[in-house]
Number of protein chains: 2
Amino acid sequence: VIEVQNLTKTYQLGRDTVVKALRGLSFSIQEGEFVAIMGPSGSGKSTLMHILGCLDVPSKGVYLLDGKETNRMTDNQLARFRNHKIGFVFQSFNLLPRTSAVENVELPLVYNGYRNARKLATEALDRVGLMDRLHHRPNELSIGQQQRVAIARALVTGPSLILADEPTGNLDTRSSEEVLSIIQSLNDEGRTIVLVTHEHDISQHAKRLVRLRDGLIVSDEPVSDR
Amino acid sequence: VIEVQNLTKTYQLGRDTVVKALRGLSFSIQEGEFVAIMGPSGSGKSTLMHILGCLDVPSKGVYLLDGKETNRMTDNQLARFRNHKIGFVFQSFNLLPRTSAVENVELPLVYNGYRNARKLATEALDRVGLMDRLHHRPNELSIGQQQRVAIARALVTGPSLILADEPTGNLDTRSSEEVLSIIQSLNDEGRTIVLVTHEHDISQHAKRLVRLRDGLIVSDEPVSDR
Ligand SMILES: Nc1ncnc2c1ncn2[C@@H]1O[C@H](COP(=O)(O)OP(=O)(O)OP(=O)(O)O)[C@@H](O)[C@H]1O
Ligand SMILES: Nc1ncnc2c1ncn2[C@@H]1O[C@H](COP(=O)(O)OP(=O)(O)OP(=O)(O)O)[C@@H](O)[C@H]1O
Ligand SMILES: [Mg+2]
Ligand SMILES: [Mg+2]
């Protein structure tokens with residue numbers, strides 16, 4: 001479902017500063033896989049995730065999504081992938097600040113024409129333990145609660161590709177385990193999962209572990225016992 | 001240095017919704033202690049930290065800082081505590097978006113009249129591994145890099161009370177250990193540390209562990225072997 005070839009991302013800041021965030025990544029992910037991505041802070045994980053989620057474009061290289069080259073897609077085609085196929089949990093949540101939790105979660109459903117958007121959004125928030133926070137706005141929520149709203153929003157349309165960038169970074173052990181079991185059951189249904197994490201314990205829930213360092217893949221191995 | 005008595009914080013949202021974020025906390029912290037605070041997402045940790053940092057006021061109860069009641073201090077006195085005595089690492093960083101990393105870190109120094117602000121800020125960023133990111137603005141930094149800028153800014157004036165709200169939540173293991181060893185050496189110098197974390201391993205660096213649940217303290221114990 002995902003194939004990247006020599007993916008490169010370079011930022012130019014001012015006249016002299018060049019940051020090579022990705023330096024030529026090549027890998028592929030089959031449908032139904034559960035891949036964890038680890039690596040030091042600043043190694044390029046979020047940059048890669050944004051490209052995979054069609055939220056950014058590489059400087060060089062190719063990204064094939066379901067066999068189609070993304071750099072040859074129209075804006076409409078890319079938007080359809082982003083809104084229908086892909087569920088993205090952002091490392092910094094990206095919630096709409098002036099709307100409530102349930103309105104934030106129902107947005108992708110409304111956008112996709114679901115009639116029971118409010119009901120599905122409420123159930124999604126219930127599953128992440130936020131039934132009593134439906135009408136709170138993000139600044140009336142703890143950071144971990146905001147993270148769970150972001151998770152609920154990413155998963156509510158039942159996307160076939162889930163890109164989760166540190167979804168448990170701000171959660172206590174019990175909430176982390178609950179979120180991981182939701183993700184696990186989605187994978188059991190055949191959905192493809194790519195999960196960035198800093199925690200070794202979390203990575204062990206995946207079936208394959210890709211390690212980044214300075215914008216390059218340094219290892220790509222199955223997870224033992226999985 | 002810190003004493004709270006029956007600290008309560010209640011939020012009123014709209015007409016019907018009341019959130020009791022803190023339900024009557026009482027404890028004290030002596031100078032030079034190293035206290036970890038743990039608890040489920042939404043249990044009141046950040047709310048407590050904001051009150052301890054003089055960034056918020058309780059609904060009821062008393063907060064004595066260096067023996068003085070904070071609710072009887074003038075705005076100037078509170079500001080002096082915030083800017084001179086306390087270093088606060090925010091869970092959501094709170095960096096100025098349009099200024100570079102080094103300018104963000106030098107701000108407390110400039111505010112306090114240091115002449116070598118730029119030099120001290122540069123050294124602080126070097127200590128957290130961001131020497132090559134001095135002139136990047138927050139949106140040109142990874143989330144973990146932003147977190148390290150927030151840490152450098154909190155510590156740069158050498159405050160006697162350090163309040164760190166999940167300072168390693170978005171850091172890889174190696175960066176976390178580096179940050180914790182900086183915090184440990186500050187405690188070795190006699191500074192008081194209060195550190196919120198979700199990770200048991202991180203909490204074991206402290207000498208005392210306070211657990212919150214639903215806005216109450218449920219345990220307050222020394223950390224074994226420390
Ligand atoms: N402005 C607000 N209005 C209403 N409720 C609020 C407000 N700010 C926080 N809350 C609620 O207060 C409770 C405590 O929030 P707090 O941010 O202190 O939790 P926390 O322990 O830091 O959680 P986390 O581990 O997720 O960061 C939460 O249930 C939250 O929903
Ligand atoms: N807009 C930008 N301009 C310049 N450099 C950038 C920009 N965005 C990111 N970078 C740099 O690209 C590198 C990769 O960033 P990225 O956010 O992908 O890291 P990451 O692996 O997700 O890190 P973390 O674990 O801290 O979240 C970092 O060194 C960062 O400083
Ligand atoms: Mg990242
Ligand atoms: Mg918090």
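Residue numbers start from 1 in every chain, and the chains themselves are labelled A, B, ... in the order their sequence lines are given, proteins ahead of strands.
The two residues B:E140 and A:L13 come nearest to each other via the heavy atoms OE2-CD2, 3.2 Å. The shortest heavy-atom contact between A:N170 and B:Q91 is OD1-NE2, 3.7 Å.
Of the listed residues (A:Q145, A:E166, A:K45, A:H200), the one with the most heavy-atom contacts under 4.5 Å to chain B is A:Q145. Top candidate by heavy-atom pairs under 4.5 Å with chain A, chosen from B:D165, B:T17, B:V19, is B:V19.
The environment of NZ in A:K20 is sparse: at most 12 heavy-atom neighbours from other residues, nucleotides or ligands sit within 6.0 Å.
Taken from CZ in A:R213 to CG in B:D172, the straight-line distance is 9.0 Å, to the nearest 0.5 Å.
Both the backbone and the side chain of B:S41 come within less than 4.5 Å of a heavy atom in chain A. For B:Q147, no part lies under 4.5 angstrom from a heavy atom of chain A. Contacts of B:S175 with chain A are made by side-chain atoms alone, with heavy-atom separations under 4.5 Å and no backbone atom involved.
Applying a 4.5 Å heavy-atom cutoff, the residues of residues 130-139 of chain B that approach chain A are B:R133, B:H136.
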